[in-house]
Each structure stands twice: as C-alpha cells, then as structure tokens.
Undergrad: 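Would you mind keeping the following structure in view while I ask a few things?
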Amino acid sequence: MFGRSQRAVFKPSVYQPGKRSRRMPRWLVLLLAGVVLGAGGVLFLQTNYGPQRLTVEQSEQLHGELSAANIDRQRLQGQVEELTQQRDAARATHDKLTTDLAQARQQIQGLNKDLALFQEAVPPDPRGGPIGIRSATLSRQPGQLTYQVLVMRDKGTAGVPFKGSLEFSIEGRYPNGRSGTITPDALPVDMDRFDNLSGTLQLPDGFIARGVTIKVLDSAQKQQAMRIYYVRS
C-alpha cells in the first residue's frame, strides 16, 4: 500500500575531479590591487610633487648652516644680555646723578642764603654810590703785589650786568729812594651783584709799594668808585 521511500544517493559526476580546486576570493584580489595602486600613487606623488630628497653633500651643508645660525643666535643673545646690563648700569647711574643733582641744588640754595647774609654784613663803601669797593687786601713780596678786591653793587641795581674795569695806582719808592707811581693794565669787571678779584701784579725790581688807589670805571671810563689802601709788608 505504501511504497518504501528511497533517499537520493550522491554520486560524483564523471566530469568533476575527486577534489574541488580553491579560487582566491574576488574581494581579496580587489583589496590587493587597491593596495598596489595606492602605494604606486604615493610613490608617484612623492617623486614628482613631494619634497626633494637631500644628498649627503646637501645634508652636510644644511647641517653646517644650522650650526652657524645657532652660533649667531648665541652671539646675539650674548650681545642682548650685555646691552641689558649696560642699560641697567646707565639707569642706575642716572638715578644716582639725579639724586646728587637734587642734593647739590639744596646745597646751592643754602649757600645762596649764606651769601645773601654775607653781602648784607659786608661794610659799605664810605664814599657811597651804587657801586662800592667793599674791601681790599694788599700784600707785597719782592717784585710783585698780591691783591684781593671785593666790588659790590647796591641791591636795587642788581639784575642788569655791570661791565667796566678795575684800575690800580701803586705808589712806592725805587731802590735809589725816588718816589713814583705805577699803573698796571686795568682788570675787567663783569658783575651782577658783586665781583671778587684776586691775583698778582708785577712790580719793577727793588720797587717797594706803600699805598694803592683802587678805582672802578664803567665802560665809558667814568669813575664809579674809589678807595685808598695801604700795603702790608
């Protein structure tokens, strides 16, 4: 009634070998081909458009230039440090000079005050007048006469400089006993408030100075002051 089922039995084809041959997968072939093409492309770009490869000589030359540039950089850095030290020293010197200048100005102010007191304390010229010979010191040595003369103006006339001359008339005696007067060249006077003149006048050999008449003359040779002093031995 029911027939027996029979399974199909696999029979190898007469056209197929006993073992099936294996082929390389297509995807692997494509991958290897892509790798080869990519590497070739990189080599092509590097060769034609990439940076040139340096030769040994070029590499040594570049290394030498880099070494020279490094030496120059170190030299310039040393110069910068030296200039910085000089700048700092100059700044310190400037600060010190500024401090010294301030101190000097304070001292000058003090000296000006002392000088003003001194000017007021000096006795006036007995003859009066806007210009006076306030004091004179005269001493003689062999062949010369040493002098120190203080000429002052009144406070109200200060501000306009006075230009004139100081004239000496030296009375004395020669070695033969004859009296005489010597008039050396006049000394220039240029002052605002006062002028302190000092120096040495040459005398003839053997001439002994006894007294000196001192005159102050203006630029027109007009007498502005006059005093007579005895000479100290």
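As a basis for the values below, the full set of heavy atoms in this structure was taken, side chains included, without hydrogen atoms, waters or symmetry mates.
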Undergrad: At what distance, to the nearest 0.5 angstrom, does CE of M152 lie from CZ of F162?
TA: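 These two atoms lie 14.0 Å from each other.
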Undergrad: Is the closest side-chain heavy-atom distance between L201 and Q144 below 4.5 Å?
TA: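 They are not in contact (no side-chain heavy atoms under 4.5 Å apart), so the answer is no.
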Undergrad: Within this structure, what is the OG1-CZ distance for the pair T200 and R140, rounded to the nearest 0.5 Å?
TA: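 These two atoms lie 15.0 Å from each other.
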Undergrad: Does F194 offer a backbone N or O that forms a donor-acceptor pair with the side chain of R153 under 3.5 Å?
TA: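 No.
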Undergrad: Within a strict 4.5 Å, meaning less than it, do heavy atoms of the V151 and M191 side chains meet?
TA: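 Yes, their side chains come closer than 4.5 Å.
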Undergrad: Stepwise, does the salt bridge (charged side-chain N to carboxylate O under 4.0 Å, His left out) test hold for D95 with R91?
TA: CA-CA 6 Å; D95 294 340; R91 184 174 299 171; over 6 Å; no
Undergrad: Under 3.5 Å, is there a donor-acceptor pair between the side chain of R173 and the main chain of I208?
TA: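 The answer is no, because no donor-acceptor pair under 3.5 Å joins these two groups.
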Undergrad: As an exercise, state the distance from OG of S169 to CD1 of I182, rounded to the nearest 0.5 Å.
TA: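 Atom-to-atom, S169:OG and I182:CD1 are 10.5 Å apart.
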Undergrad: As an exercise, state the distance from CD of Q103 to CD1 of I108, rounded to the nearest 0.5 Å.
TA: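 It comes to 12.0 Å.
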Undergrad: To the closest 0.5 Å, what do you measure between CD (Q202) and CG (D185)?
TA: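 Going from the CD atom of Q202 to the CG atom of D185 covers 12.0 Å.
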Undergrad: Do R227 side-chain atoms and I133 backbone N/O form a donor-acceptor pair below 3.5 Å?
TA: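 Checking the backbone N and O of I133 against the side chain of R227, a donor-acceptor pair under 3.5 Å is found.
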Undergrad: Side-chain contact test, heavy atoms from C-beta onward, threshold under 4.5 Å: evaluate it for I170 versus T181 and give yes or no.
TA: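 The answer is no; the side chains never approach within 4.5 Å.
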Undergrad: Of all residues at least two apart in sequence or in a different chain, which pass the salt bridge (charged side-chain N to carboxylate O under 4.0 Å, His left out) check with D88?
TA: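 Expected list: none.
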Undergrad: In terms of relative ring orientation, are F168 and Y147 parallel, tilted or perpendicular, with 30° and 60° separating the classes?
TA: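 The arrangement is tilted - the two ring planes meet at 30° to 60°.
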Undergrad: Any side-chain donor-acceptor pair under 3.5 Å between T183 and E167?
TA: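 No, because no side-chain N or O of T183 sits under 3.5 Å from a partner of the opposite role on E167.
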Undergrad: Is the shortest heavy-atom distance from the side chain of P161 to the side chain of D192 under 4.5 Å?
TA: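 No; the side chains remain at least 4.5 Å from each other.
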Undergrad: Does some side-chain heavy atom of L187 sit less than 4.5 Å from a side-chain heavy atom of S165?
TA: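 No; the side chains remain at least 4.5 Å from each other.
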Undergrad: Can any side-chain N or O of R127 pair as donor or acceptor with the backbone N or O of M226 at less than 3.5 Å?
TA: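 Yes; judged by distance alone, with no hydrogens or angles, the pair exists.
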